[in-house]
Amino acid sequence: MKGRGLLLFSTILVLCSCNGEQQAAGKEEERLVADMTCGLDATAAGGNTYGTDCKGLYDMHSNSEFFPEIPYVKYEGPASDNPLSYKWYNAEEVILGKKMKDWLRFSIAFWHTFRGDGGDPFGSPTKQWRWEDGTNSLAMASKRMQINFEFLKKLGVERWCFHDRDIAPEGSTIEESNANLDHIIALAKQLQEGTSIRPLWGTAQLFKHPRFMHGAATSPDIRVYAYAAAQVKKAMEVTHELGGENYVFWGGREGYQTLLNTDLKKELDHMATFLQSAASWKKKLGFKGNLLLEPKPQEPTKHQYDWDAATTMGFLQNYGLAGKNNREYKLNLECNHATLSGHSCHHELEMARIYGMLGSVDANTGDAQTGWDTDQFLTDVREATLIMLSVIKNGGLAPGGFNFDAKLRRESVDVEDLFIAHILGMDTLARGLRNAAKLLQEGRLTKLVDERYSTFNSPLGEAIEAGKVEFEDLEKHALEWGEPPLFSGKQELAEMILSSYI
Ligand code: XUL
Ligand code: CO
């Protein structure tokens with residue numbers, strides 16, 4: 001009852017303060033910023049690094065908390081049955097020489113967590129968050145940003161990702177949109193002051209507005225190409241302004257619906273020139289982070305050009321945007337996109353890793369019985385273990401990380417669901433990290449793989465791998481050796497080894 005009373009009280013306060021004009025929003029922002037600059041301290045040690053003073057500040061102004069009923073989420077270990085605790089993710093614990101938080105570098109996706117409304121093609125929105133006033137105003141955008149920071153602090157997560165248009169409303173001109181964005185970025189900058197919270201990456205939303213229906217960089221209309229460039233220019237600028245570590249390109253509409261009306265070569269060439277201009281703008285900005293392409297095979301287009309990791313790397317290579325002499329672009333791989341392209345997440349990560357192109361991961365999962373991008377939180381420990389095998393072999397993901405590009409189910413409408421979903425996703429990857437570290441340390445799978453290729457551990461094998469052996473030489477060896485013996489691939493043994501770590 002007491003909890004409910006507090007909830008009602010804070011709901012009334014939140015509702016009262018959210019429908020004002022910009023000026024009122026400004027005052028509210030100032031007060032909340034004062035409360036909320038307390039939090040994840042860049043220099044402090046410990047899991048959720050809130051000093052007792054900070055806790056006191058929150059308690060004193062508890063009516064300014066958007067989630068008064070949610071505690072700071074802490075590690076309680078696997079035996080805990082508290083849904084608002086970590087069972088496997090222990091931020092400061094060191095595994096293979098690195099803190100768990102540095103292996104995992106978790107990030108919240110603003111668009112799902114704070115703009116997801118539960119609507120689907122058949123039904124209206126289901127989420128009625130107590131802080132929403134039903135508008136897409138600047139005042140509402142400011143409030144959401146404050147909520148974002150409180151959410152991050154309560155989870156002990158130091159990173160977040162955004163599209164320009166989901167944090168600030170689109171105006172009727174580019175100038176107006178940029179001004180809205182500047183307003184919210186200034187607020188985010190204030191909120192992140194004194195904390196270690198920064199964007200993992202920013203991006204431009206180039207798929208929602210009707211102007212982008214034929215594509216952005218691949219639109220047949222030069223005016224759309226230019227509009228998209230102006231939008232990306234600004235989005236890169238504000239990502240840099242906030243100290244973001246990467247910038248992402250997801251080409252939702254960079255593809256085609258039919259080849260009959262499409263000049264394929266022109267569109268791919270345009271996509272490349274657009275990315276070249278982005279790389280050049282990055283240099284002018286002095287932005288040091290990675291530029292990341294996020295593959296997805298289709299949806300919303302029938303065919304998206306960045307189909308999967310291999311296709312995207314081939315495209316980058318072909319246009320001189322990646323490779324030995326140009327490390328400007330890497331990949332942001334999303335697990336649900338991997339399965340849509342007929343691969344596993346592990347496959348996509350390995351493809352990128354072996355060529356030094358693994359930049360960051362959008363951590364989510366699909367549904368085996370559903371053929372589209374369901375963006376669910378990752379809950380499969382086996383999948384998480386395989387993902388973490390790649391990440392450990394990659395030496396981590398930094399400056400990338402794990403961004404929860406995942407949303408609550410339509411039917412999940414409680415505030416605590418937002419927390420539980422992220423806790424579950426974080427714990428699943430943390431458990432995967434623990435399993436993968438043990439698996440690699442004990443070396444049984446590595447030994448099995450090494451033995452499978454052991455015939456190449458010879459002077460001839462080395463010469464072949466160095467590209468120094470011609471067919472005539474190989475023919476001599478083949479004649480001398482005769483029919484090669486059959487030997488086992490040991491797949492079941494490999495699966496048995498993996499299962500024993502899960
Ligand atoms: C869409 C998707 C995007 C990108 C960012 O499937 O994954 O949210 O991650 O634009
Ligand atoms: Co994504």
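Counting starts at 1 for both ligands and their atoms, following the listed order. Treat the numbers as computed from the prediction; the structure is a model and nothing was measured.
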Check this for me: does any side-chain nitrogen of one of Lys296 and Asp373 sit under 4.0 Å from a carboxylate oxygen of the other?
yes
Just heavy atoms, cut-off under 4.0 Å: does His163 contact ligand 1 by side chain, backbone, both, or neither?
side chain
Compare every heavy atom of Phe404 with every heavy atom of Ala109, then report the nearest pair and how far apart it is.
CB-O, 3.2 Å
Tell me the protein N, O or S atoms under 2.8 Å from the Co ion (ligand 2), in chain and number order.
Glu294 OE2, Glu334 OE1, Asp362 OD2, Asp405 OD2
Could you list the atoms of ligand 1 found under 4.0 angstrom from a heavy atom of Lys296?
6 (O)
In terms of atom number and element, which parts of ligand 1 are under 4.0 angstrom from non-hydrogen atoms of Asp362?
9 (O)
Using a strict 4.0 Å cut-off to heavy atoms of Asp373, name the atoms of ligand 1 that fall inside it.
6 (O)
Heteroatom proximity flag, Glu294 to ligand 1, N/O under 3.5 Å
yes
Does ligand 1 have a heavy atom under 4.0 Å from the side chain of His337, from its backbone, from both, or from neither?
side chain
Under 4.0 Å between a side-chain nitrogen and a carboxylate oxygen: does that hold for Arg198 and Glu158?
no
Ring centers of Phe106, His422 separated by less than 6.0 Å:
no
Please say whether Trp250 places an N or O atom under 3.5 Å from an N or O atom belonging to ligand 1.
no
Taking only Lys NZ, Arg NE, NH1 and NH2, and the carboxylate oxygens of Asp or Glu, determine whether Arg382 and Glu495 approach each other closer than 4.0 Å.
no
Does the ring center of Phe67 lie less than 6.0 Å from the ring center of Trp131?
yes
Partner of Cys161 by side-chain contact (heavy atoms from CB on, under 4.5 Å), out of Pro199, Ser107, Ser360:
Ser107
Between the side chains of Arg105 and Glu245, is the shortest nitrogen-to-carboxylate-oxygen separation below 4.0 Å, so that they form an ion pair?
yes
Give a yes or no on whether the ring-centroid distance for Trp250 and Phe207 is below 6.0 angstrom.
yes
